[in-house]
Structures are given as C-alpha cells and as structure tokens.
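Read through the structure below, which is laid out as structure tokens, and then see the notes.
Below, chains carry the letters A, B, ... as their sequence lines are ordered, and counting in each starts from 1.
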2 protein chains.
Amino acid sequence: MDVLSAPTSIEELQDRLLDLADSLPKRLRQCADYVAANPDRVAVSTVAEMAAGAGVKPSAFMRFCQVLGFSGFSQMQRLFRESYSQNWPDYTTRLEKLRESGADSPSALLAEFIEAGRLSLENLAKTIDPRALDAAIKAISEAQLVHIVGLRRAFSVAAYLAYAFEKMNVPTMLHDAVGKLDSRHAFREGDVIIAITFAPYTAETVDLAHAARRAGARIVAITDSLTSPLRQLTPLVLTVSEADFGAFRSLSATLSLAVALVVAVGAAEREVKK
Amino acid sequence: MDVLSAPTSIEELQDRLLDLADSLPKRLRQCADYVAANPDRVAVSTVAEMAAGAGVKPSAFMRFCQVLGFSGFSQMQRLFRESYSQNWPDYTTRLEKLRESGADSPSALLAEFIEAGRLSLENLAKTIDPRALDAAIKAISEAQLVHIVGLRRAFSVAAYLAYAFEKMNVPTMLHDAVGKLDSRHAFREGDVIIAITFAPYTAETVDLAHAARRAGARIVAITDSLTSPLRQLTPLVLTVSEADFGAFRSLSATLSLAVALVVAVGAAEREVKK
DNA sequence: CGTTAGATGGAAAATATGTTCCATTTTCGA
DNA sequence: TCGAAAATGGAACATATTTTCCATCTAACG
C-alpha cells in the first residue's frame, strides 16, 4: 500500500474512498461503507462508536483511517469537524497571532477584515431563521410608519435602512438623536420600530424601544446573541452575530440582512397594492 | 443557586440561558454569550476550545456547564451531539435551501444579498492596491483633522467611519448636511477629507471635495470605477466595486475597507506617538 | 495439506480530555 | 477601610479515548 498523504477535504476523501473500496479487505470495507453512508457521524463520534456502527473492532477502524492516509482517527475527525463548523472558533486566536507576528501591514489588516466579513456572511446564512424573517417583514409592511433606531455603532445600519426604505417609497422616520433630541412621542399604535443594537447595548436605543412599546408600536429587533435586552420586548428578533476584531465589528452580515429586509418589504407592499 | 435538572433539549437550554444570563458573574456570562452565539461549536469542540472561544479558563467553562444543570461539559455536549443528526448543512447547501424557498421569498432575497456581499469582498481582496492603501493611511494619520463626507447611499459608510475614528481618538468631523448646512469653510490646510461616493455620484459630495481642495486639504477618495469625478481631484483613490443585486448595492466591501482604514490609522498614530 | 502473507481482535500503553480542588483575587456590603 | 463571600485561575487528578503492538486466525497458493 502506498504511503498516501492525508486528504485535505471531504470531497477528496470521498474520492479516495471510491478508489479503494474494491481493494479493501472485509473489515476495512465495512468501515468504508459506514463512513460513506454516515459522513455526518464522524465529527461527533469516538472511534469506538464508529467501529460499533460499522460492525468492526476499534483497531480495525483505526487501520482504516491509516489506509486513507491519515495518521489516525483524530486527524480524520479534525477534517470533518472543521468542515462542519467553518473555522472561526479560533478566530480570535488567529488575530492575536497576526498581531504578535507584527504583520499588521494595512493590506494584512484588510485581508483579516475581509475574512471576518466573509465568515459573518456565511454564519448569517447558516443561522438565520426564515420564519423570523418572514414575520418581521410582514410586520413592517403592515406598518403605518417605520421608525428606525440605531445609535453609535449601529447608526450606520440605521442610516442605510432609512436610505433604502426611502428609495422604496416606504414611509420612514430615522431617529438620529441630532441635538440630543429624541422623538419618543412620535410612536403610534400601528407603527413599527426597527431597533438595532449590539453588545454593549446602547441604553438610548433600548429606552426608545420601551417607549415605542408603551405607545403600542410593534418592535422588530436586529441584535446579536440571546442575551440582548431587546429580546424581552418583542418576539420579532433577527439575530446576527458578527465576527469581531477587538472593538470593531464587521457589519457585512448586518447590512446584507438590512438590504434584504428592505427589498422584501418593498416587494410585499407592491403585492398589497395590487 | 437551585439545583436544577439538566435541560433535555437545546431549546430548553436556550431558555435557561436567557433566564440566567443577567444573574451570572462576568466569566460565566462570557460563556453564556459564546454558547448562545455559537451553538454549533459545542458539538465538535473540547472544553478547552470552548473556553478559549469564550475567553475564559476551562475551569470557568466547567462551572458554567454545572450552573446550567449539567453534571459537566460532557453531558452538555452529548445533548448537542444528539441533535446534530439534523445536520446543519454547510454554507453552500444552506444557501441553496434559502434560495429554494421561492423566487422572491425573503430568504431567497437574503441569500442573494449574502452572495453579493461575498463576491464584493472577494473582489476587494483581489483588486485593492496596497500602495494606494498605504498612501491613504499615511495621509490620514498625518492629518490635523479628518473630515468625512459621504451622503445618501454613502452616508452609512461615513457614519461608520466617524464612529470608528472617534473610538480610536482620531479627531474627526462628520459632514452630515443636517439642515442643509454645509461646513465647507471648515477645511484647512493640513486637514484630510475622506470623500465617499458611488455612481450616480452625489453632487454635494463632489462639491465639498472641490472646496476642500481649494482650501489646501488633501483628499482621500473611496469610490468605484475609473470614471468617478473624484479621481481628477486626488491621487489618493481607493477603488471598491461592489456587486449589486437589483437596484441595491451591497456595502460589505466598502465597510470592510473602512474599518481596515481606521484600525491601520489608529496603529500608525500610536507608532508616531512612541 | 502445509506454509505463509495478510487480516483480525484484544489488551496494554500513550495521549488527550474532562473534572475537581484549593489558593488567590476580586467584589460587595458593613 | 476592613472583612466576608463569591469568583477566578491554576494545577493536580481522574477518566475517556486513541493508538500501538502482538498473538491468533484466515485464506490463498504451491
């Protein structure tokens, strides 16, 4: 048997599985079949479990991994684990390393932020709850007036929403806190307020959301994580968790969500008018 | 703290997380946030990895599991591994699923915008000119005062820049055109103005850039394409071309560029002060 | 039918991982 | 400001899991 280098992707592994399957002795063949049929189990099982599933002894499964070119089961498992949860668990660590290695040339920084944005987008695709999205859009398109509240970090999202809704002819009010004026008395029953805030949550935004609720307006929250204070105010929560870089957070995912929201509301309103 | 029985489903666990989050000490709170934001990691990570992700020591994470009612990490992980069968698909599969949910369903729209954002980011990585970036950063970090001008679509980028520079202690003035007041007489020699505009180019932004030039300020342009009117005003041009979907343009790439710019300037200024 | 190369299973060794305990630090209230 | 209670981090300990090794078994070939 040749000394093969380990596959570097699941696809590569599957190819190799196909190549080898015929030339494999009985027990190893069983392993191959089992892995091919249950690739999802590999990431979360022990050798013992995999072996039992394939109907072989652990040591046989071990040999199977080695025949595929891995040093052992652990290495093979790593492949499956990484492809399952895209590699941003150690994202913070990576940034620290980057810092230490002094490679903070602007281009390297940019590359990191690009990567952070990409991961955030992928994560959004994986975690968005389509029903929550539908519900939020329904609420917004039924609104008399859409209030948009997002301050500090979230202000740029709020500004973009205001711009885009305007372009879609959706009546909108951007609460920009200019001159420390807040417009909390503008909320009416039948209005919807889109409140955007991320940890550390801006008190004014949460305040305004409370005020809106007292006035009988519905609230759509765009926020991160389960522990957001907005979560207690409304069932309409869109969760976006962005990869952050120290104090700075990519807003790629949030903005993509924002624009999707606007376009969908625009489409929904056209429907209604027909 | 009550002796609680272990949650038997992920939903139950999330509820409990919400209940407890506020009453948890700092480190355990970090664990809660991390788990809430990355539930998919739990199935495939070790305590050490989870702890590192949450920024705590393994023993703290351990205590966190126990506070939730589990005997330890292993028991909690078992819960996540069992529910793993529904197999959260990878990014590509998931995106297809979102798209399949009907031509202009919200989820399908979101999928398109996510994809557009990703393309923009990739494109930015490929096309950015590192020398232009370096030059822009040098100019900005030498500035007495950084003016930021971006209106309409570009306003959200401008707002983000203003926020981020502020956090970095870089003296900044955001030209927001509130009340149609423009502050064209604020430009001074030694200042830098960051002008942001995309086709169709906003006249006010270009105007202000001209005014800044007359006043002897340097201009850094963030714009698209070769035909931008800002290109005649300054050699310091950062080009970002965003993929668009329908009438709407993703801002993912522009914002990543913006944040990289800010952090690099922050780093450069610290250098200077040393 | 005997020999041999290869395959197999079991058990021991090595390693990784989870868990507990306790000294030190921090926080909070008197 | 001090003292008590809680929280924290580190290290020791316990357990689980992986990996290796080798005696035994099986099948193929002369």
- Note on the structure: The answer to which of Thr46(B) and Val56(A) contacts DNA chain C further toward the 5' end, by nearest nucleotide, is Val56(A)
- Atom CZ of Arg78(B) to atom C1' of dG18(C): distance rounded to whole Å? 12 Å
- Item | Quiz item: Ser59(A) side-chain donor-acceptor pair to dG9(C) base, under 3.5 Å | yes
- Message: Just N and O in the side chain of Gln66(B): are any of them under 4.0 Å from OP1 or OP2 of dT20(C)?
- Response: yes
- Answer yes or no: is there an ion pair linking Arg118(B) with Glu122(A), defined by an N-O contact shorter than 4.0 Å? yes
- Message: Taking CZ in Arg152(A) as the centre, count heavy atoms belonging to other residues, nucleotides or ligands within less than 6.0 Å. Is the count above 12?
- Response: no
- Could you state the atom-to-atom distance from CZ of Phe73(B) to P of dT17(C) in whole Å? 11 Å
- Message: What is the separation between atom NZ on Lys57(B) and atom P on dA7(D), rounded to the nearest whole Å?
- Response: 19 Å
- Task: Check the distance between dT19(D)'s P and Phe64(A)'s CZ and give it to me in whole angstrom.
- Result: 14 Å
- Message: Are Phe187(A) and His175(A), when compared by the centres of their aromatic rings, separated by less than 6.0 Å?
- Response: yes
- Query: Rounded to the Å, how far apart are Lys26(A) NZ and dA27(D) P?
  - Reply: 8 Å
- Message: Just to verify, what does Ser71(A) make a side-chain hydrogen bond (donor to acceptor under 3.5 Å, both in side chains) with, not counting sequence neighbours?
- Response: Gln75(A)
- Nearest-Å distance, CZ (Arg27(B)) to C1' (dA7(D))? 10 Å
- Task: Output the single nucleotide from dG18(C), dT18(D), dA7(D) whose closest atom is nearest the side chain of Ser74(A).
- Result: dT18(D)
- d(CZ, Arg63(B); C1', dT19(C)) in whole Å: 12 Å
- Message: Without decimals, in angstroms, what is the distance between Phe61(B) CZ and dA7(D) P?
- Response: 18 Å
